[in-house]
Amino acid sequence: MEDNNVRIDKWLWAARFFKTRSLAAEAVDRGRVRIGGEPVKPARNVKLNDKIFIDNGSDRWEVVVLGISDKRGPAPVARELYRETEESLVRRENDSEARRLFPEPGSTIKGRPTKRDRRAISRAGG
């Protein structure tokens, strides 16, 4: 478990922030993962007490590294690798509440609108 040469993409995958290592590496490449506020490359090694900002598309996390592992295990074990900051917990709670109260306008539309749907949209002024 304690291997001090673990890449950030491998650690993110082991800590279960991303389903695959390639998704983790892609997020790091796109600048969605920052250590200490600085964008990093997928080969960057993770150190204990690093403060990592993670945007995995649906949630934004700010965590402090408590453990280092390159093995993906069960979720309870993965949660022991990091501690989420208080600000991050509050922000994620607010974001989830906002998504619940104000759903995405297009989330109820399934696929392409039918001719009947398009007529209703044009009558409504859209």
Side-chain angles (χ1 to χ4, degrees):
M1 177 124 170
E2 284 299 316
D3 178 16
N4 290 331
N5 291 327
V6 176
R7 296 165 48 114
I8 182 73
D9 58 345
K10 229 179 199 183
W11 186 87
L12 290 167
W13 168 75
R16 294 183 163 263
F17 287 104
F18 296 93
K19 283 189 175 193
T20 65
R21 185 171 163 199
S22 61
L23 285 175
E26 183 180 328
V28 173
D29 277 334
R30 290 185 172 187
R32 293 183 175 167
V33 176
R34 297 190 304 270
I35 296 180
E38 296 294 317
V40 293
K41 294 185 178 178
R44 161 77 149 71
N45 286 337
V46 178
K47 298 180 185 75
L48 291 176
N49 298 320
D50 273 349
K51 193 171 191 178
I52 304 177
F53 175 82
I54 305 154
D55 180 357
N56 69 359
S58 60
D59 283 319
R60 293 177 305 176
W61 305 72
E62 192 172 351
V63 299
V64 176
V65 177
L66 299 179
I68 297 180
S69 175
D70 62 350
K71 306 272 188 291
R72 186 175 171 104
V77 174
R79 273 189 231 105
E80 294 173 6
L81 296 176
Y82 62 90
R83 175 181 48 82
E84 189 172 3
T85 63
E86 291 298 320
E87 307 87 55
S88 178
L89 283 167
V90 170
R91 184 178 55 239
R92 281 192 327 108
E93 180 63 34
N94 290 341
D95 288 351
S96 68
E97 185 69 15
R99 277 196 301 270
R100 189 180 68 77
L101 295 175
F102 305 106
E104 186 71 30
S107 65
T108 57
I109 299 173
K110 302 287 187 257
R112 184 175 170 192
T114 63
K115 190 171 189 176
R116 182 178 178 192
D117 294 337
R118 289 195 306 273
R119 285 181 181 150
I121 290 169
S122 65
R123 270 196 306 271

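Here the structure is a predicted model, which is why all the values come from computation and not from measurement.
Residues meeting the salt bridge (charged side-chain N to carboxylate O under 4.0 Å, His left out) test with Glu97, sequence neighbours left out: Arg100. With sequence neighbours excluded, the residues that form a salt bridge (charged side-chain N to carboxylate O under 4.0 Å, His left out) with Arg92 are Glu84. Partners of Ala75 according to the side-chain contact (heavy atoms from CB on, under 4.5 Å) rule, which considers only residues two or more places apart in sequence or in another chain, are Arg16, Arg79. For Lys47, the side-chain contact (heavy atoms from CB on, under 4.5 Å) test picks out Arg44, Asp50, with sequence neighbours left out.
Taking each heavy atom of Leu81 and Trp11 in turn, the nearest pair found is O-CZ2, 3.5 Å. Contact detail for Lys71 and Ala14: the closest heavy-atom pair is O-CB, 3.5 Å.
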Could you list the donor-acceptor pairs under 3.5 angstrom formed between side-chain atoms of residues 22-36 and any protein atom two or more places apart in sequence or on another chain?
{"from": "Ser22", "atom 1": "OG", "to": "Thr20", "atom 2": "OG1", "distance (Å)": "3.2"}
{"from": "Glu26", "atom 1": "OE2", "to": "Arg30", "atom 2": "NH2", "distance (Å)": "3.3"}

Contacts table for residues 57-68: side-chain donor-acceptor under 3.5 angstrom, sequence neighbours left out:
{"from": "Ser58", "atom 1": "OG", "to": "Asn56", "atom 2": "OD1", "distance (Å)": "3.4"}
{"from": "Asp59", "atom 1": "OD1", "to": "Arg99", "atom 2": "NH2", "distance (Å)": "3.4"}
{"from": "Arg60", "atom 1": "NH2", "to": "Asp95", "atom 2": "OD2", "distance (Å)": "3.2"}
{"from": "Glu62", "atom 1": "OE2", "to": "Lys51", "atom 2": "NZ", "distance (Å)": "3.3"}

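Put simply, CD1 on Ile52 and CD1 on Ile8 are 3.5 Å apart, with the number rounded to the nearest 0.5 Å. One finds the CZ atom of Arg7 at 11.5 Å from the NZ atom of Lys41 (value rounded to the nearest 0.5 Å).
Counting heavy-atom neighbours within 6.0 Å of Glu86 CD, excluding the residue itself, gives a total of 12 or less.
Each of Leu89 and Tyr82 belongs to its own hydrophobic cluster when Ile, Leu, Val, Met, Phe, Trp and Tyr are linked at side-chain heavy-atom distances under 4.5 angstrom.
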- prompt: When you look at Phe18 and Ile54, which way does the side-chain contact (heavy atoms from CB on, under 4.5 Å) test go after all the steps?
  reply: CA-CA 10 Å; Phe18 296 93; Ile54 305 154; 3.9 Å; yes
